[in-house]
> 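I am attaching a structure below and will ask some questions about it afterwards.
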Amino acid sequence: MPLRRTASDDARAHLAATLIATGSEDRAAFRELYRLTSAKLFGIVLRICGERQAAEDVLHDVYLLIWRRAGAWEPGRASPISWLATIARNRAIDWRRAEGSRRAAPMAEAPEIADPAPDAEAMLVADGERHSLLECLEELEPRTRAAIRTAFFDGMTYNAIAAAQGVPAGTAKSWIRRGLARLKDCLSRDD
Amino acid sequence: MTTKAPSSEPDVAAAELALGLLEGEERAAALRRVLAEPHFAAEVEDWRMRFAQLFDLWPEVAPPPELIERIDASLHGVAPAPRRRFPWPVLAIASSALAACLLVIVAQGGGIGGANAPVPPPVVVEPPAPLVAAIAGEQAAVAASFDPRSGALRLTAAPRVPAGRAAQLWAIGGDGVPHPLGLLAAQAVVLPLSPGDRVRLTPGVTLAISVEPPGGSPTGKPTGPVIATGALAAV
């Protein structure tokens, strides 16, 4: 827990209150929620969907889902933005699966995922016990780290990753599995 | 167990499922484990929470300015449902694959866990977190939220069922046996749960809705089709 209240604490509290109000079918709160979160959520769906028109349609679906289901969010383990971002990511992945994952690589238009900025890491540390994922990712071989990041950020499956790397699926699976096991060890060690 | 990884390949199925690496039969197998193994379901949820840290790194992209008006307008709409149906994607990993597994379990009358899998004792730790599930099937998902402190289980409106039938809610834990929790209604309801039912509701437990005669199943087990399922998860 941070010792003093910061602007980002206030922002988080505002977002949580806005999400709760949205759950009570408050239209103004919904628009405020959209204003606060749509750029983050659009960044997510655009990258995974890989095409702008589809990403806009998926974002539309995502916010309808949020409107219907905001009442189910309760303050707890998931922060509001993680909860919302997970809806967006999963919805975009559902869309990809439905499309038969025609696309093997992320679109050129999608912005690059940055390496963790120092302030992002500081923020995560301030978030408490779950500070070690980024550190643990850093301990992996670059190739494995890149594959795990690709799975997360691009919604790519083993088969898609193997195809993109030009290796047999079994090969990609084997080294990603070992990487995940190392990640798991590292995370449990640091807890 | 369909995942017969060589000993050199560790079991990281929870992480693979949380990341979305799996497809086809491997994904179905992992989803079956979510149903059958509460600690596996909890592990998947834990990985999701861990990976969620990476959302901080995701670059923002402003959507087109007119999109909010389209979205806002569709909230009014007579039929705001999205063009494609999809299961509630967040905490519940329920999917049609999972629903299919559930039917198998119900059909086998105790199935996966079977007689050799004792009911894990409820582990009560710390102040319990609220649990949510989206019970999804062909129709819009029913949202369930359970507050372990008050014991209240809130549910949004029931899916449509044929005239003269009722939508009944079940909890299915590690033993694979459905336990009746109550009937849903056309409006949101709060089901009063007995203490015995409250302790059943832990992360990873599946909630399912079946179509039953008015007043609920006369046998204490689902007699009609299971039309929606979803896993409980902490928020």
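Just so it is clear, the model here is predicted, and its values are computed rather than measured. The sequence lines fix the lettering, A, B, ..., with proteins before strands; numbering per chain opens at 1.
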> Below 4.0 angstrom, N of the basic side chain to O of the carboxylate: do B:E26 and A:R177 qualify?
yes

> Is it the backbone or the side chain of A:R35 that comes under 4.5 Å from a heavy atom of chain B, or both, or neither?
neither

> Specify which of B:S145, B:A144, B:G20, B:A52 makes the most heavy-atom pairs with chain A at under 4.5 Å.
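Top option by heavy-atom pairs under 4.5 Å: B:G20.
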
> If you compare all heavy atoms of B:A62 against all heavy atoms of A:R52, which two are closest, and at what distance to 0.1 Å?
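Heavy-atom minimum between the residues: O-NH2, 3.9 Å.
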
> With a 4.5 angstrom heavy-atom cut-off, could you sort out which part of B:A14 is near chain A: side chain, backbone, both or neither?
neither

> With a 4.5 Å cut-off on side-chain heavy atoms, are A:K184 and B:R50 touching?
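In short, these two side chains do not touch, never coming nearer than 4.5 Å.
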
> Drop me the distance from B:M49's CE to A:S79's OG, to the nearest 0.5 angstrom.
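Reported to 0.5 Å precision, the distance equals 7.0 Å.
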
> Please give me the minimum heavy-atom distance between B:F51 and A:L180, naming the atom from each residue.
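Smallest interatomic distance, heavy atoms only, reads CZ-CD2, 4.4 Å.
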
> The test is side chain to side chain contact (heavy atoms under 4.5 Å, CB included); show your working for A:N90 and B:R48 and say whether it passes.
CA-CA 11 Å; A:N90 290 356; B:R48 276 173 204 276; 3.7 Å; yes

> Could you pull out the closest heavy-atom pair between B:P63 and A:L59, with the gap in Å?
CB-CD2, 3.8 Å

> If you look at every heavy atom in A:L64 and B:I71, which pair is closest and at what distance?
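Heavy atoms only, the tightest pair is CD2-O, 4.4 Å.
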
> Highest number of heavy-atom pairs under 4.5 Å with chain B: which of A:A39, A:G71, A:A88, A:S82?
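The candidate making the most pairs under 4.5 Å is A:A39.
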
> Would you mind telling me which of B:A18, B:A143, B:A15 has the largest number of heavy-atom pairs within less than 4.5 Å of chain A?
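It is B:A143.
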
> Please flag which part of A:Y34 lies under 4.5 Å from any non-hydrogen atom of chain B: side chain, backbone, both or neither.
side chain

> What part of A:I176 is in contact with chain B, defined as an atom under 4.5 angstrom from a non-hydrogen atom: side chain, backbone, both or neither?
side chain

> Answer whether the closest heavy-atom distance between the side chains of B:E23 and A:Y158 falls below 4.5 Å.
no

> Measuring from atom CG of A:L133 to atom CH2 of B:W47, what distance do you get when rounded to the nearest 0.5 angstrom?
7.5 Å

> When you measure from the side chain of A:K40 to the backbone N and O of B:P59, does any donor-acceptor pair fall under 3.5 Å?
no

> If you define the side chain from C-beta out and look only at heavy atoms, does anything of B:L21 sit under 4.5 Å from A:I161?
yes

> Taking every non-hydrogen pair under 4.5 Å, which of A:L183, A:V45, A:I93 racks up the most with chain B?
A:L183

> Can you tell me if CZ on A:R145 sees more than 12 non-hydrogen neighbours from other groups inside 6.0 Å?
yes

> Closest approach of A:R149 and B:L57, non-hydrogen atoms and distance?
NH1-CD1, 4.2 Å

> May I ask you to check whether A:F152 and B:F55 place their ring centers less than 6.0 Å from one another?
yes

> Which atoms form the tightest heavy-atom contact between B:L19 and A:R89, and what is the distance?
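The answer is O-NH2, 2.7 Å.
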
> Which answer fits A:L137, side chain, backbone, both or neither, if we ask what part of it has an atom under 4.5 Å from a heavy atom of chain B?
side chain

> Given that the side chain runs from C-beta out, which part of B:E43 has a heavy atom under 4.5 Å from chain A: side chain, backbone, both or neither?
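Only the side chain of B:E43 comes within 4.5 Å of chain A.
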
> Do the side chain of A:W67 and the main chain of B:L75 share a donor and acceptor less than 3.5 angstrom apart?
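No, the answer is negative, given that no donor and acceptor are paired below the 3.5 Å cut-off.
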
> Between the side chain of A:R27 and the main-chain N/O of B:D72, is any donor-acceptor distance below 3.5 Å?
yes

> In the structure I gave you, are the side-chain heavy atoms of B:P64 and A:F42 within less than 4.5 Å of one another anywhere?
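In contact.
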
> What do the steps show when you test B:V61 against A:I44 for side chain to side chain contact (heavy atoms under 4.5 Å, CB included), and what is the final call?
CA-CA 8 Å; B:V61 180; A:I44 291 168; over 6 Å; no

